[in-house]
Amino acid sequence: SQQGEEDPQALSIQEGENATMNCSYKTSINNLQWYRQNSGRGLVHLILIRSNEREKHSGRLRVTLDTSKKSSSLLITASRAADTASYFCATSTGGGNKLTFGTGTQLKVEL
Amino acid sequence: EPEVTQTPSHQVTQMGQEVILRCVPISNHLYFYWYRQILGQKVEFLVSFYNNEISEKSEIFDDQFSVERPDGSNFTLKIRSTKLEDSAMYFCASSGEGPGTGELFFGEGSRLTVL
């Protein structure tokens with residue numbers, strides 16, 4: 001598998017429900033970031049969690065990181081139709097400058 | 001709020017033509033990046049740029065690609081002789097923090113269509 005794979009690939013929920021997306025990676029990381037992309041638009045940074053952190057909150061977002069399992073999860077609570085988008089995890093590794101993006105989860109929140 | 005701006009938003013070109021995509025990063029940022037996203041696929045790293053030189057590049061960034069910061073504000077990606085497989089959305093990003101430490105701010109992208 002590749003560095004940064006999300007599951008599920010697609011998720012459809014009702015407004016008000018929680019959405020959980022998972023990301024797995026293969027190599028040691030400096031940090032892991034989550035980005036959101038509306039269809040045809042640019043990427044918007046949501047949250048960054050460093051390798052020595054286990055959980056982070058930002059508004060309705062909660063991110064966890066388990067470095068022993070090389071996995072992260074993004075929880076969006078009380079979802080809204082406006083949360084409909086693709087969500088990508090991205091990892092920063094070693095001394096490099098780049099982010100390696102995952103395959104993304106397409107979230108659809110229905111009214 | 002400061003933002004990264006990219007032009008053009010969409011460019012259609014013939015195979016073999018040269019294309020220049022332009023980006024204006026956030027003004028006090030020092031690290032600049034180009035990524036691309038082929039339709040329906042993941043976002044792929046192309047190149048990072050710091051202190052007026054390339055700091056890292058991917059296998060995709062071959063001799064047909066070049067980057068430049070000609071005037072201290074613009075950051076350009078040039079594709080010398082476009083191929084059909086260069087059709088993609090190209091994203092510019094900038095960061096105020098060093099590698100591995102901070103978030104990237106992305107532009108809205110330039111969609112390149114090679115015919």
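Here is the naming used below: chain letters follow the sequence lines, and residue numbers restart at 1 for every chain.
- For a residue to count as touching a neighbouring chain, one of its non-hydrogen atoms must lie under 4.5 Å from one of that chain's; by this rule A/Gln106 does not touch chain B.
- For the 3.5 Å distance criterion, the side chains of A/Ser12 and A/Glu110 qualify, holding a donor opposite an acceptor.
- Closest approach of A/Ala85 and A/Arg36 over heavy atoms only: CB-CG, 3.8 Å.
- With a threshold of 4.5 angstrom between heavy atoms, B/Gln37 approaches chain A through side-chain atoms but not through N, CA, C or O.
- Looking at A/Leu48, only its side chain comes within 4.5 Å of chain B, counting heavy atoms on both sides.
- Between B/Phe106 and the options B/Trp34, B/Tyr35, B/Tyr90, a ring-ring contact (aromatic ring centres under 6.0 Å, His included) holds for only B/Tyr35.
- The main-chain N or O of B/Asp63 is found under 3.5 Å from a side-chain atom of B/Arg80 such that the two form a donor-acceptor pair.
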